[in-house]
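Worksheet: the structure to be examined is printed underneath.
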2 protein chains.
Amino acid sequence: MAKKVQIELGEAELEVMRALWDHGPQTVRDVMHRLHERGRTVAYTTVLTFLTRLEQKGVVASDKRDQAYVYKSKISRQSVTMSRIKALVDQLYDGAAAPMLAQLIENERFTPDEISHLRKLIDHLDTGAESGVDARKNAAKNAPKNSN
Amino acid sequence: MAKKVQIELGEAELEVMRALWDHGPQTVRDVMHRLHERGRTVAYTTVLTFLTRLEQKGVVASDKRDQAYVYKSKISRQSVTMSRIKALVDQLYDGAAAPMLAQLIENERFTPDEISHLRKLIDHLDTGAESGVDARKNAAKNAPKNSN
DNA sequence: TCTTACCTACGACAGCGGTAGTAGAACGCT
DNA sequence: AGCGTTCTACTACCGCTGTCGTAGGTAAGA
């Protein structure tokens, strides 16, 4: 199951990944437009550099179509999120997620809907989690769009 | 109250901050020992550089004692945690904390104690919490937000 | 006083991430 | 055939971060 050692992505690289997650496989030019839409007005060749580096890192794959390469993400947004959070928790709390989670809950504002959803998740924890074999195969129902 | 725009700390710098958080004000040599204990065997002057840079960033303060300067943190671990998480949430979920929190809850392992604690926190949210006037739904990502 | 040990200031360097320019290939139009 | 457009490959540069080394002060012993 050899997991990635550490997916190290910069801020701009992350935004490129977002473009791929949110809109599927795209060409360099497409991604550039996504970035421009989100306020990052970078040059075409900059985006090309990003995608090339991301491919070297093994997190995107390219595919020659027509004239231009089409790039697609090889990793899910979830995996990046978890990897980041894990790094955060390790760095700040020696790997103990609960304290950080508690702090997060205390400091963020949530809507009633979100709260009840979170409660549901928590409730699900002690029923599902204890049974040795983890039966956590249910997908996040409110997952944003498509992932990889 | 002018808050820091963004506390940008590298991994090693963060470990220095941890030393200060966990053990209070210390000299360069003290911090070096803490880092060594935690497996980061860096040279004395490296630690000095870290602390100097951190002071330039305004997150630690120094104080001449005896022969050596004593450094102390000017920011809390909590503020750094929140700042980091906020960055993460902004970068990956456009500022919507709940989905990320949900993912975190689903993917982490918690002890029964932790679970009941979390439940208590959640329960506390809709009672004692401020009546949400939140406009955070899809955050405008390029608005200069001030955290903590 | 000379030496030793410790402290700080300053400079250096490499790797990475963000950013872009230039050169050359490939395609389509006139 | 020649021209403009578009794509990729390559190179470069800057700032930040991690990492030290060296030089020059100063306190404490020998």
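Note on naming: letters A, B, ... go to the chains in the order of the sequence lines (proteins, then strands), and numbering restarts at 1 for each one.
- For the pair D66(B) CG and dC7(C) C1', the interatomic distance rounds to 12 Å; values are reported in whole Å.
- For A68(A), whose side chain is taken as the heavy atoms from C-beta onward, the closest listed nucleotide among dT8(D), dG18(D), dA20(C) is dT8(D).
- H117(A) is not listed as a side-chain neighbour of D113(A), based on a closest heavy-atom distance of 4.5 Å or more.
- Heavy-atom distances to DNA chain C give each of E8(A) and T46(A) a nearest nucleotide, and the one nearer the 5′ end belongs to E8(A).
- The CD atom of Q26(B) sits 17 Å away from the C1' atom of dC7(C) (whole-angstrom rounding).
- Between the side chain of T45(B) and the base of dG21(D), a donor-acceptor pair under 3.5 Å is found.
- At a threshold of 4.5 Å between non-hydrogen side-chain atoms, the residues L51(A) and Y69(A) do not count as touching.
- Contact annotation: side chain of T27(A) to base of dC7(D), donor-acceptor pair absent below 3.5 Å.
- L48(A) places its CG atom 14 Å from the C1' atom of dG24(C), with the value rounded to the nearest Å.
- The side chain of K57(B) contributes an N or O atom lying less than 4.0 Å from OP1 or OP2 of dT17(D).
- Using a 4.0 Å heavy-atom cutoff across all strands shown, T49(A) reaches at least one base atom of the nucleic acid.
- Between E108(A) and K86(B) there is a salt bridge, since a side-chain N of the basic residue sits under 4.0 Å from a carboxylate O of the acidic one.
- R29(A) comes within contact range of the sugar-phosphate backbone alone, with a heavy-atom separation under 4.0 Å but no base atom that close.
- Atom CG of L35(B) and atom P of dT17(D) are 17 Å apart (whole Å).
- For the OP1/OP2 pair of dT19(C) and a distance below 4.0 Å, the side-chain nitrogens and oxygens of R40(A) include at least one atom meeting the criterion.
- Between E11(B) and Y44(A), the residue whose closest nucleotide on DNA chain D is further toward the 5' end is Y44(A).
- For the atom pair CE of M32(B) and OG1 of T46(B), the computed distance is 10.0 Å after rounding to the nearest 0.5 Å.
- Of the candidate nucleotides dC27(C), dG18(D), dG18(C), dG18(D) has the atom lying nearest to any side-chain atom of F50(B).
- Here R65(A) lies out of heavy-atom contact (under 4.0 Å) with every strand.
- The residue Y69(A) sits close only to the backbone: its heavy atoms come under 4.0 Å of sugar-phosphate atoms, none of a base.
- With rounding to whole Å, K64(B) atom NZ is found 14 Å from dG25(D) atom P.
- The distance between atom CE of M17(B) and atom P of dG18(D), rounded to the nearest whole Å, is 13 Å.
- By the rule that hydrophobic residues join a cluster once side-chain heavy atoms approach within less than 4.5 Å of another member, V89(A) and L121(B) end up as members of one cluster.
- As rounded to whole Å, 18 Å separates atom P of dG18(D) from atom CE of M32(B).
- L51(A) has its CG atom 16 Å from the C1' atom of dC10(D), to the nearest Å.
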